[in-house]
Amino acid sequence: MAEHDNVTQLTDYDSLDPLREQYQESLITTPVLRQELREHHVALLCIDLQYLDAARGHGVFANSADSGVPLEAQEYYFNRLEQTVLPNVRRLQDAFREEGLEVIHTRIRSLTHDGRDRSPGHKRLNLHAAPGSKDAEFVEQVAPVGDEIVLDKTASGVFNSTNLHYILHNLNISALFIVGVYSNECVSTAVRDACDLGFYVTLMDDATATVTPEMQKATLTTIKDRYARVMTTDEAIREIKKVQEAS
């Protein structure tokens, strides 16, 4: 019984964040963020929504048994993608486009057909989407429109492996709404890097996915109110439209 009480106390203690209020005031609830929305200094960043990792029967899931992801986890992941994430990403894209806000897309794609330019990490994982391949194509539902910016990468972090920071600076962007896959890998890396670089970041709860609900929850828990706001698609669209109407 005493051991159980100690575990409970430790769990309760670990749930406390002594810096939460400080972070919320400086990064999460600051009026500066809404000012950036009013002045169009915000973009939607869509991460890796491509055939390589976001379509059944393609890329890393071309052979379900050899993907390394249990079939139950694959079914959860694709059900979440198809029923929740992709529709919500499209709603956000449409909302940003309607307000004249930037929609930026990243994908995994090498510069060379043999992938020799890939990062060491992607080579170790045997992760490769060659130029012109189906794996490098975006899922049609959330594909770029017109001359929206597309950045190719061969590493988890888009800021480390592309000139995204330079582009955002040129566009006068200081706030990012982030969607895509996987939540605990490329998405999480982008959120943390963006925050460290001084961007105001909003991570979309229901427009991101990974292969288990436990990893999804853990990612959002560690990021929320520390590296980013965490919002639903409905909340984000209401905020965008409200701020734009008031400007």
Side-chain angles (χ1 to χ4, degrees), residues 44-94 96-97 102-164 167 178-190 204 206-212 215-216:
L44 177 65
L45 181 61
C46 307
I47 296 178
D48 298 353
L49 293 169
Q50 62 189 102
Y51 274 81
L52 178 71
D53 56 8
R56 293 181 189 265
H58 292 274
V60 297
F61 300 102
N63 187 327
S64 297
D66 294 336
S67 69
V69 180
L71 294 178
E72 182 180 355
Q74 291 183 47
E75 193 62 21
Y76 159 78
Y77 173 65
F78 282 112
N79 284 341
R80 178 174 171 83
L81 266 180
E82 294 160 1
Q83 298 171 16
T84 303
V85 172
L86 294 177
N88 282 335
V89 170
R90 180 54 186 268
R91 291 174 58 213
L92 285 162
Q93 290 175 340
D94 290 344
F96 271 70
R97 290 162 181 156
E102 291 283 348
V103 178
I104 299 173
H105 308 260
T106 77
R107 65 178 166 187
I108 296 170
R109 190 177 80 159
S110 63
L111 297 171
T112 57
H113 287 282
D114 64 4
R116 62 186 182 277
D117 59 288
R118 290 173 297 160
S119 68
H122 277 200
K123 288 176 181 175
R124 287 194 293 266
L125 292 169
N126 196 28
L127 196 60
H128 185 210
S133 67
K134 188 67 177 180
D135 288 346
E137 292 182 14
F138 290 99
V139 175
E140 288 83 358
Q141 186 176 358
V142 292
V145 172
D147 68 346
E148 290 176 349
I149 293 169
V150 175
L151 296 171
D152 297 335
K153 65 187 180 75
T154 59
S156 177
V158 64
F159 283 96
N160 292 324
S161 58
T162 75
N163 61 342
L164 176 60
I167 291 170
I178 297 181
V179 301
V181 298
Y182 299 137
S183 308
N184 60 312
E185 296 182 16
C186 297
V187 172
S188 176
T189 302
M204 306 313 304
D206 54 1
T208 54
T210 189
V211 293
T212 71
M215 285 197 292
Q216 177 74 10

Drop me the distance from [X]'s [atom1] to [Y]'s [atom2], to the nearest 0.5 angstrom.
{"X": "F78", "Y": "L86", "atom1": "CZ", "atom2": "CG", "answer": "10.0 Å"}
{"X": "R118", "Y": "S110", "atom1": "CZ", "atom2": "OG", "answer": "7.0 Å"}
{"X": "E148", "Y": "E102", "atom1": "CD", "atom2": "CD", "answer": "8.0 Å"}
{"X": "R90", "Y": "C46", "atom1": "CZ", "atom2": "SG", "answer": "11.0 Å"}

Looking just at side-chain N and O atoms, do T112 and D114 make a donor-acceptor pair shorter than 3.5 Å?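 Per modelled atom types, T112 and D114 side chains form a pair under 3.5 Å.
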Without hydrogens or angle criteria, can the side chains of Y51 and E140 be said to hold a donor-acceptor pair below 3.5 Å?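 A donor-acceptor contact under 3.5 Å links the two side chains.
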Determine whether a donor-acceptor pair (N or O, by modelled atom type, separation under 3.5 Å) exists between the side chain of D135 and the backbone of G59.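 The answer is yes, because a donor-acceptor pair under 3.5 Å joins these two groups.
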Closer than 3.5 angstrom, by distance alone: can the side chain of T208 be matched with the main-chain N or O of V179 as a donor-acceptor pair?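 Not confirmed, T208 side chain does not pair with V179 backbone.
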Please list, chain by chain and in numerical order, all residues satisfying salt bridge (Lys or Arg N to Asp or Glu O under 4.0 Å) with D152, sequence neighbours excluded.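 Listed in chain order: R107, R109.
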All salt bridge (Lys or Arg N to Asp or Glu O under 4.0 Å) counterparts of D53, not counting sequence neighbours: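 For D53 there are no salt bridge (Lys or Arg N to Asp or Glu O under 4.0 Å) partners, ignoring immediate neighbours.
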For residues [X] and [Y], determine if any side-chain heavy atom of one lies less than 4.5 Å from a side-chain heavy atom of the other.
{"X": "K134", "Y": "E137", "answer": "yes"}
{"X": "N88", "Y": "M204", "answer": "no"}
{"X": "T106", "Y": "T162", "answer": "no"}
{"X": "I108", "Y": "K153", "answer": "yes"}

ring-ring contact (aromatic ring centres under 6.0 Å, His included) partners of residues 105-149, not counting sequence neighbours, each pair once: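 Every pair satisfying ring-ring contact (aromatic ring centres under 6.0 Å, His included) with a residue in residues 105-149: H105-F138.
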Given side chain to side chain contact (heavy atoms under 4.5 Å, CB included), test L81 with V139 step by step and report yes or no. CA-CA 11 Å; L81 266 180; V139 175; over 6 Å; no
Given the rule in the side chain to side chain contact (heavy atoms under 4.5 Å, CB included) test, do T189 and E185 qualify, once you have shown the distances and angles that lead to the verdict? CA-CA 6 Å; T189 302; E185 296 182 16; 5.8 Å; no
